[in-house]
Participant: 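Pasting a structure here, questions to come.
FYI, the numbering just counts along the sequence from 1.
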Amino acid sequence: MPVKKKRKSAAAAVADETGLKKCKLGSYCRSQASGKVISGEEHFSSKKCLAWFYEYAGPDEVVGPEGMEKFCEDIGVEPENIIMLVLAWKLEAESMGFFTKEEWLKGMTSLQCDCTERLQSKFDFLRSQLNDISSFKNIYRYAFDFARDKDQRSLDIDTAKSMLALLLGRTWPLFSVFYQYLEQSKYRVMNKDQWYNVLEFSRTVHADLSNYDEDGAWPVLLDEFVEWQKVRQVS
């Protein structure tokens, strides 16, 4: 089976199994004290890293839903937030995640992590990527390609809603309203231009829509959202 197909099936399974669509949006990582102190003198071991991978991988050498659930528990990341870890990881590792052996080794080698304790020590760095405006923009854009079916150019609307909840649900005051709009809209997919512009909209347009430029170069989807919301505000 090609790597890309494994990646997608694993990613989709994780989204289903971990309740991505529910998006509890708790803290990014649980506070979890490690029982082992890693010395700075210890060097990264590819052999140790590979053995660590096989603690979670199935017979087809892919970390599936059950393995991912155990991985989340071991590293202290809430399952619904694991996708955020993967997205933040991408900036450092330039990897599509850690579902296959090749991806795991590439990502962990870049982070120099060959055990749970070493990865936990990187959480502050990964969180900083999510909190940095420029880095978050890159993460947000990358999320589109991460979440879409690899043979499709657009995101199906349910996946788009789930990823938007994960990425913008805590920070965008209008998110819940925009989510309601998408649920009742005619749209069944979201293309890349629409996806990129939603982030720009969330950063530049006031919650009361007072500074929205109707003559601006916004996608029709956002023009229609503004029109829909203004009708709701006066009704």
Participant: Kindly assign one of parallel, tilted or perpendicular to the pair Phe178 and Trp172, based on the angle between their ring planes and the thresholds 30° and 60°.
Facilitator: tilted
Participant: Looking at Gln152, is its backbone amide N or carbonyl O close enough to the side chain of Asp149 to form a donor-acceptor pair, meaning the two atoms are under 3.5 Å apart?
Facilitator: no
Participant: For the OG1 atom of Thr100 and the CD atom of Glu61, what is their distance to the nearest 0.5 Å?
Facilitator: 9.5 Å
Participant: Grouping I, L, V, M, F, W and Y whenever their side-chain heavy atoms are under 4.5 Å apart, do Ile157 and Val220 come out in a common cluster?
Facilitator: yes
Participant: Report, as yes or no, whether the 6.0 Å neighbourhood of atom CD on Gln112 holds more than 12 heavy atoms from other residues, nucleotides or ligands.
Facilitator: yes
Participant: Work out which heavy atom in Phe44 is nearest to a heavy atom in Cys49; give both atom names and the distance.
Facilitator: CZ-CB, 3.9 Å
Participant: Quick one: do Val231 and Tyr179 end up in the same hydrophobic cluster if we chain Ile, Leu, Val, Met, Phe, Trp and Tyr together by side-chain heavy atoms under 4.5 Å apart?
Facilitator: no
Participant: Answer yes or no: is there a side-chain heavy-atom contact under 4.5 Å between Trp228 and Gln184?
Facilitator: yes
Participant: For Val189 versus Ser154, what's the shortest heavy-atom pair and its separation?
Facilitator: CB-CB, 3.9 Å
Participant: What's the separation between atom CG in Leu126 and atom CG in Asn131, rounded to the nearest 0.5 Å?
Facilitator: 11.0 Å
Participant: Do side-chain atoms of Arg232 reach the backbone of Val177 as a donor and acceptor pair under 3.5 angstrom?
Facilitator: no
Participant: Is Lys70 atom NZ crowded by more than 12 heavy atoms from other residues, nucleotides or ligands, each under 6.0 Å away?
Facilitator: yes
Participant: Over all heavy atoms of both residues, which pair between Leu199 and Phe136 is shortest? Give the atoms and the distance, please.
Facilitator: CD1-CE2, 4.0 Å
Participant: Working to the nearest 0.5 angstrom, can you tell me the gap between Leu130 CG and Ile139 CD1?
Facilitator: 4.5 Å
Participant: Which pairs pass salt bridge (charged side-chain N to carboxylate O under 4.0 Å, His left out) with one or both residues in residues 180-193, sequence neighbours excluded?
Facilitator: Asp145-Lys192, Lys161-Glu183, Lys186-Glu224
Participant: Are Glu200 and Trp218 side-chain neighbours, meaning at least one heavy-atom pair lies under 4.5 Å?
Facilitator: yes
Participant: Where do Phe201 and Leu209 come nearest, in terms of heavy atoms and distance?
Facilitator: CZ-CD2, 3.9 Å
Participant: Check for a donor-acceptor pair, side chain of Asp114 on one end and backbone N or O of Ala51 on the other, with a separation under 3.5 Å.
Facilitator: no
Participant: Less than 4.5 Å apart, side chain to side chain, heavy atoms only: is that true for Gln229 and Gln233?
Facilitator: yes
Participant: Atom CG in Leu164, atom OG1 in Thr159: separation rounded to 0.5 Å?
Facilitator: 10.5 Å
Participant: What closest approach, in Å, do Ala217 and Asn197 show between heavy atoms, and which atom pair accounts for it?
Facilitator: O-OD1, 4.4 Å
Participant: Are the side chain of Ser162 and the backbone of Asp158 linked by a donor-acceptor contact shorter than 3.5 Å?
Facilitator: yes
Participant: Give, for atom NZ of Lys122 and atom CG of Asp124, the distance between the pair rounded to the nearest 0.5 Å.
Facilitator: 11.0 Å
Participant: Does any non-hydrogen side-chain atom of Trp52 lie less than 4.5 Å from one of Asp74?
Facilitator: no
Participant: Side chain to side chain contact (heavy atoms under 4.5 Å, CB included) for Val198 and Phe225? Distances and angles first, verdict last.
Facilitator: CA-CA 11 Å; Val198 168; Phe225 164 62; over 6 Å; no
Participant: I'd like to know if Phe125 and Met108 are part of one continuous hydrophobic network [Ile/Leu/Val/Met/Phe/Trp/Tyr, side-chain heavy atoms within less than 4.5 Å].
Facilitator: yes
Participant: Give a yes or no on whether the backbone of Tyr140 and the side-chain of Trp195 come within a donor-acceptor separation of less than 3.5 Å.
Facilitator: yes
Participant: Check whether any side-chain heavy atom of Lys101 sits under 4.5 Å from a side-chain heavy atom of Leu50, and report yes or no.
Facilitator: yes
Participant: Should Tyr54 and Met68 be counted in the same cluster of Ile, Leu, Val, Met, Phe, Trp and Tyr side chains packed under 4.5 Å apart?
Facilitator: yes
Participant: Looking only at atom types and distance, does a side-chain atom of Tyr181 sit under 3.5 Å from a main-chain N or O of Leu222, one as donor and one as acceptor?
Facilitator: no
Participant: Of all heavy-atom pairs between Val63 and Gly67, which one has the smallest distance, and what is that distance?
Facilitator: CG1-C, 3.8 Å
Participant: If I take atom CZ from residue Phe53 and atom CD from residue Glu102, how far apart are they, to the nearest 0.5 angstrom?
Facilitator: 7.5 Å
Participant: Trp104 and Phe71: aromatic ring centres closer than 6.0 Å?
Facilitator: yes
